[in-house]
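Protein chains get the first letters and strands the later ones, always in sequence-line order, with residue 1 at the start of each. Side-chain atoms are counted along with the backbone in the values below, which use heavy atoms only and exclude waters and symmetry mates. Computed from a prediction, not measured in an experiment: that's the story for all the values here.
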Amino acid sequence: MAGYFRERVRHTPTIPTTSMADVGFLLLLFFLVATTLDADRGIGMRLSPPRGSGDTPVPVEERDVLEIVLRADGSLFVEGRASSPERVRAEVTRHLTNAGRDSAYATTVGRAVISLETERKARYGNYVTVLDEIWMAYRALWDGQARRLGYASYLEYRNHLLPGQTDKIREQFRPNIVLTQPDSVAAPRPTGEAGGMQL
Amino acid sequence: MKRRFGQRSRHIPEIPTASLPDIIFLLLIFFMVSSVLRQNVPQVQTSLPTAEAVATIDQKRLVTHVFIGPLRSTTGAPGPTAVQIDNVLVPDVAMIRSIMAQKLSAQPRLIVSLLVDEQAEMGVVADVQQELQHAGALRINYATRQRTQNPGP
């Protein structure tokens with residue numbers, strides 16, 4: 001009898017760990033349901049700093065500015081001519097890659113400015129469509145330059161950049177998009193810095 | 001000897017389940033670290049436009065959401081256009097300046113993501129942008145959905 005009791009005392013109790021997995025699963029499911037994994041995506045822009053009263057607008061040549069006007073009724077004008085969103089990309093590409101050939105378009109890529117003027121009553125959806133086309137024109141330009149440097153695409157070039165390295169393609173073809181409102185434009189047109197936001 | 005071998009083959013092998021909780025916990029910790037709990041309850045309707053030149057913002061912590069669109073109503077009919085920052089409706093557009101200045105002092109690398117309804121008028125968007133400009137919150141993002149199919153030229 002005595003030996004029997006001694007044996008029982010020596011036996012160490014174990015905590016059942018089988019249900020630990022269930023507890024973990026429960027927590028896991030809770031976090032899976034409660035989280036939103038969709039990242040913020042969209043068209044990134046940088047607004048220009050607010051204009052001080054003493055600032056003088058940077059003089060921009062008329063030919064360097066590609067004027068795109070979006071009207072309230074959704075109609076679109078490029079350099080005063082009636083156009084459509086599908087034609088914006090080609091127009092912007094032509095403007096940027098002109099390199100001084102056509103006197104109506106930009107002298108160099110570095111000096112080219114895209115001015116997007118939207119009336120206050122215009123739809124935001126139309127505005128984004130046009131802005132998207134402008135960006136795609138720039139992206140095509142970056143892709144072309146990256147291919148010339150021996151990369152498959154601009155994205156690949158960017159991924160190959162080391163942390164401290166500057167993006168030379170972006171530097172060379174820096175987007176210069178000016179967003180304006182017809183009401184806020186007080187200065188005469190040829191000053192490209194007119195109203196509002198610049199990248 | 002013969003009997004012993006017979007006994008061995010009758011033994012059923014068991015899969016060790018002791019490390020299962022560890023695997024689950026590892027998954028749990030991964031999701032806890034990588035997730036952000038839903039923080040905004042939109043009170044305005046925003047059906048986002050689609051675009052092709054879309055970039056993704058990796059750093060969620062830098063982003064502040066500004067919703068612009070018609071107010072949600074119980075009847076289903078769209079209400080007047082309103083502006084909402086995070087969880088609160090902004091009664092006056094001029095207030096955005098001080099709100100954003102405050103956010104900017106807490107997070108200097110702030111990115112303002114504008115979630116604007118497709119049908120909204122540009123006037124409201126321009127007013128908000130002007131306030132952001134004055135507040136110094138210059139990094140903005142027009143939230144869009146990615147367009148997958150390529151429309152012909």
Side-chain angles (χ1 to χ4, degrees), chain A residues 17-32 34-51 70 72 86-87 89-90 118-129 131-139 179-181 183-184 195-198, chain B residues 17-18 20-25 27-28 31-32 34-39 47-58 60 63 65 68 111 113-127 129-130 132-134 136-147 151-153:
Chain A
T17 52
T18 20
S19 58
M20 284 289 271
D22 300 302
V23 175
F25 252 126
L26 207 81
L27 283 166
L28 176 63
L29 282 178
F30 167 73
F31 277 99
L32 271 171
T35 54
T36 48
L37 280 178
D38 51 310
D40 287 275
R41 50 177 65 203
I43 301 170
M45 297 285 284
R46 182 174 277 276
L47 304 173
S48 64
R51 272 194 306 164
L70 178 65
E86 296 82 55
R87 273 183 280 168
R89 198 183 300 194
T118 11
E119 286 190 356
R120 287 188 68 88
K121 292 271 178 197
R123 297 265 159 252
Y124 175 75
N126 295 336
Y127 164 75
V128 166
T129 308
L131 194 63
D132 187 35
E133 291 296 323
I134 297 170
W135 271 109
M136 284 313 285
Y138 272 107
R139 281 196 175 188
L179 312 174
T180 60
Q181 297 275 309
D183 333 45
S184 65
M197 298 78 187
Q198 192 176 5
Chain B
T17 53
L20 209 67
D22 299 303
I23 296 166
I24 302 301
F25 265 113
L27 278 168
L28 174 65
F31 276 99
M32 278 173 73
S34 69
S35 69
V36 176
L37 293 179
R38 185 179 286 274
Q39 41 187 256
S47 119
L48 298 179
T50 55
E52 224 179 311
V54 167
T56 310
I57 306 171
D58 303 323
K60 276 200 122 161
V63 179
H65 296 106
I68 303 171
I111 301 169
S113 186
L114 299 169
L115 292 95
V116 188
D117 191 83
E118 255 183 314
Q119 299 298 319
E121 279 178 8
M122 274 309 289
V124 189
V125 181
D127 291 344
Q129 283 183 161
Q130 206 185 335
L132 291 177
Q133 224 175 352
H134 284 289
L138 303 178
R139 295 172 81 187
I140 63 162
N141 172 57
Y142 294 118
T144 56
R145 284 176 287 128
Q146 175 81 59
R147 185 168 55 223

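By the 4.5 Å heavy-atom criterion applied to side chains, B:Met122 and A:Asn126 are not counted as neighbours. Side-chain contact check for B:Ile57 versus A:Arg41: every heavy-atom pair is 4.5 Å or farther apart.
Highest contact tally toward chain A, considering only B:Leu20, B:Asp22, B:Ile24, B:Leu115, is held by B:Ile24 [criterion: heavy-atom pairs under 4.5 Å]. Contacts with chain A were tallied for B:Ala120, B:Ala53, B:Ser113; B:Ala53 has the most, counting heavy-atom pairs under 4.5 Å. By number of non-hydrogen pairs under 4.5 angstrom with chain A, the leading residue of B:Ala143, B:Pro49, B:Ser47, B:Ala55 is B:Ala55. Residue with the most contacts toward chain B among A:Ala122, A:Gly24, A:Ser19: A:Ala122 (heavy-atom pairs, distance under 4.5 Å). Comparing B:Asp127, B:Thr50, B:Leu114 by how many heavy-atom pairs each has under 4.5 Å with chain A, the most go to B:Asp127. Taking A:Thr129, A:Ile134, A:Val128 one by one and counting their heavy-atom pairs under 4.5 Å with chain B, the maximum is reached by A:Val128.
Not a single donor-acceptor pair under 3.5 Å links the side chain of B:Arg139 to the backbone N or O of B:Ile111. Although no hydrogens or angles enter the test, the distance criterion places a donor-acceptor pair under 3.5 Å between the side chain of B:Gln146 and the main chain of B:Glu52. In this structure, B:Arg145 contributes its side chain and B:Leu48 its backbone to a donor-acceptor pair below 3.5 Å.
For B:Val125, the part sitting under 4.5 Å from any heavy atom of chain A is the side chain, from C-beta outward, and nothing else. Of the atoms belonging to A:Phe25, heavy atoms from both backbone and side chain fall under 4.5 Å from chain B. Residue contact with chain B, scored on non-hydrogen atoms closer than 4.5 Å, involves the side chain of A:Leu131 exclusively. Heavy-atom distances place both the backbone and the side chain of A:Arg123 under 4.5 Å from chain B. Heavy atoms of B:Asp117 lying under 4.5 Å from chain A belong exclusively to its backbone.
Sparse packing is recorded around CE of A:Met20, with 12 or fewer heavy atoms of other residues, nucleotides or ligands lying under 6.0 Å away.
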Carefully, step by step, assess A:Leu179 and A:Tyr127 under the rule side-chain contact (heavy atoms from CB on, under 4.5 Å). CA-CA 10 Å; A:Leu179 312 174; A:Tyr127 164 75; 3.2 Å; yes
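When all heavy atoms of B:Leu132 and A:Leu47 are compared, the closest pair comes out as CB-CD1, 4.0 Å.
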